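Everything below concerns the one structure shown next.
Bear in mind that the values here come from a model prediction, so they are computed numbers and not experimental data.
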Amino acid sequence: MYRLDLPADRREASLLERKRTAELQRHNRIFSSHTRTVGVDKPALDTQIQDKKLQEEIENKRKEAYAAQMKQNDQIASALDERMQRDVRDLNKAIDEFRLTFQKKEDRREYDLSDPEALKKELPPRVSDGDPRCTVSGVQRLLGEDLTVDSRRQMQQEQLREWSLQQQEEQARALEEQRLRDGNYDKMRVELDQKAAELQQLELQTRRAVCAATKDFNRAQAEETTERKKLERKQEEEDNSVEISNLINGDLLSEDPAQAASAFGPHRVVPDRWKGMSSAQLEAINNVQQQQIQERMRLREEERVREAELYRKLETC
């Protein structure tokens, strides 16, 4: 008998083969001293070791990043602290300079109470006759007393001398200004007279030049007019001669039949230039007419002969 391999048998054989292979691998794992892993999941342990190493590496990187950030923050804090201290020093320096410049002890309101040079700065009891401190009870000024008589006289003399010098300077200045004005006026009159004479001379020269130019222009115009009329007369005579010659030898008076030829063909003519047919054309027309007459007579004769023959045949029948 023959055995048939059905699909179900092949599946069962494949299943048995897989079980046999799995059992062989299990046997190797149990009894082999190199790959024995009884009771231990080595791949899981390896995975846990790799994960732990990865976590440790990540933690180390995080710590290094934190350390770098802390170092950077410390540097920034140190820089900010230094800048704040520098700003405080600058501010204190500016305050001290402001106090030394604008808040001196001499400018205090109560400085006059403790001024060591107050006695040196005090005024004497009587400065002048107009001193408002000199009251009646002070007995610093008596009736008829004049303490500034010498200085006042000297001042008045100085004032008179200054006024006299000033008047003298003003008079000298006025005389000098008058002299300068007179000199400038005389110079201006001389310059104006010279300029008027120059303008008059220039006007005379201009008039002479204009008259000479006008005369030359009129002469040139007259010569040009004469020459132009002569040329026009000569041109007119030449035009008349040419026109007479053209009329005599032209196609209009000579009645040249060639002028009536049309550009559209030799059988066409220009109506406004056609002077009629020539004798050769008339003779050709007469010849054609004669030929047409002879042709018509020949045709009539032939027609008459045919009719006679037809009539004869009818009579015979």
Side-chain angles (χ1 to χ4, degrees), residues 54-192 195:
L54 181 62
Q55 290 179 0
E56 291 178 355
E57 185 178 358
I58 293 173
E59 187 66 23
N60 292 331
K61 289 183 179 179
R62 185 183 295 111
K63 289 180 179 180
E64 291 177 358
Y66 286 160
Q69 187 175 5
M70 290 178 63
K71 184 178 180 180
Q72 184 179 4
N73 292 335
D74 293 339
Q75 292 177 356
I76 293 173
S78 177
L80 291 175
D81 190 14
E82 291 179 0
R83 186 172 66 181
M84 184 175 67
Q85 292 179 2
R86 185 172 61 255
D87 294 340
V88 170
R89 287 196 302 271
D90 295 341
L91 180 61
N92 294 330
K93 184 178 179 181
I95 291 173
D96 294 338
E97 290 179 355
F98 179 80
R99 288 175 177 174
L100 291 175
T101 305
F102 300 101
Q103 293 182 352
K104 298 179 181 179
K105 63 180 182 179
E106 293 85 357
D107 298 333
R108 290 182 297 180
R109 184 174 56 183
E110 64 277 4
Y111 179 72
D112 57 340
L113 299 177
S114 59
D115 188 2
E117 298 181 357
L119 295 177
K120 295 180 181 180
K121 296 179 181 179
E122 286 184 356
L123 296 174
R126 179 180 178 184
V127 178
S128 62
D129 293 340
D131 193 350
R133 298 177 301 160
C134 297
T135 59
V136 177
S137 62
V139 195
Q140 294 294 326
R141 186 177 61 184
L142 300 176
L143 185 62
E145 187 180 11
D146 189 4
L147 298 178
T148 60
V149 59
D150 296 333
S151 61
R152 186 174 68 254
R153 287 178 180 176
Q154 185 179 1
M155 184 181 64
Q156 289 176 354
Q157 290 175 0
E158 289 291 334
Q159 188 176 8
L160 290 174
R161 188 174 65 84
E162 291 291 335
W163 285 351
S164 177
L165 293 175
Q166 186 178 1
Q167 289 178 357
Q168 291 176 7
E169 291 178 358
E170 290 178 355
Q171 289 177 0
R173 191 183 303 109
L175 291 174
E176 184 66 21
E177 290 178 357
Q178 184 65 30
R179 187 178 63 80
L180 290 175
R181 283 197 297 268
D182 293 342
N184 292 331
Y185 179 75
D186 293 339
K187 290 180 181 179
M188 184 181 65
R189 292 297 303 175
V190 172
E191 291 177 358
L192 290 176
K195 188 175 293 186

To the nearest 0.5 Å, what is the distance between CE (Met155) and OG (Ser151)?
7.0 Å
Working to the nearest 0.5 Å, report the span between NZ of Lys63 and CD of Glu56.
9.5 Å
Under the salt bridge (charged side-chain N to carboxylate O under 4.0 Å, His left out) rule, what do Glu170 and Arg173 come out as? Steps first, then yes or no, please.
CA-CA 5 Å; Glu170 290 178 355; Arg173 191 183 303 109; 5.3 Å; no
Could Lys61 and Glu57 be called an ion pair, given the rule that one side-chain N must be under 4.0 Å from one carboxylate O?
yes
Hey, could you give me the CD/CD distance between Gln167 and Gln171, rounded to the nearest 0.5 Å?
6.5 Å
With a 3.5 Å distance limit and no angle check, can you tell me whether Asp115 reaches the backbone of Tyr111 through a side-chain donor-acceptor pair?
no
Taken to the nearest 0.5 Å, the spacing of Asp81 CG from Ile76 CD1 works out to 13.5 Å
Quick one: do Met84 and Leu80 satisfy side chain to side chain contact (heavy atoms under 4.5 Å, CB included)? Show the steps, please.
CA-CA 6 Å; Met84 184 175 67; Leu80 291 175; over 6 Å; no
Do side-chain atoms of Thr101 reach the backbone of Glu97 as a donor and acceptor pair under 3.5 angstrom?
yes
Exceeds 12 heavy-atom contacts within 6.0 angstrom, atom CZ of Arg108:
yes
Spatial distance of atom CD (Glu191) from atom CG (Asp186) [nearest 0.5 Å]
11.0 Å
Can Arg181 and Gln178 be counted as having a side-chain donor-acceptor contact under 3.5 angstrom?
yes
Does Met188 CE have over 12 foreign heavy atoms under 6.0 Å away?
yes
Quick check for you: to the nearest 0.5 Å, what is the distance between Ser78 atom OG and Arg83 atom CZ?
12.0 Å
Apply salt bridge (charged side-chain N to carboxylate O under 4.0 Å, His left out) to Glu59 and Arg62, showing your working.
CA-CA 5 Å; Glu59 187 66 23; Arg62 185 183 295 111; 2.6 Å; yes
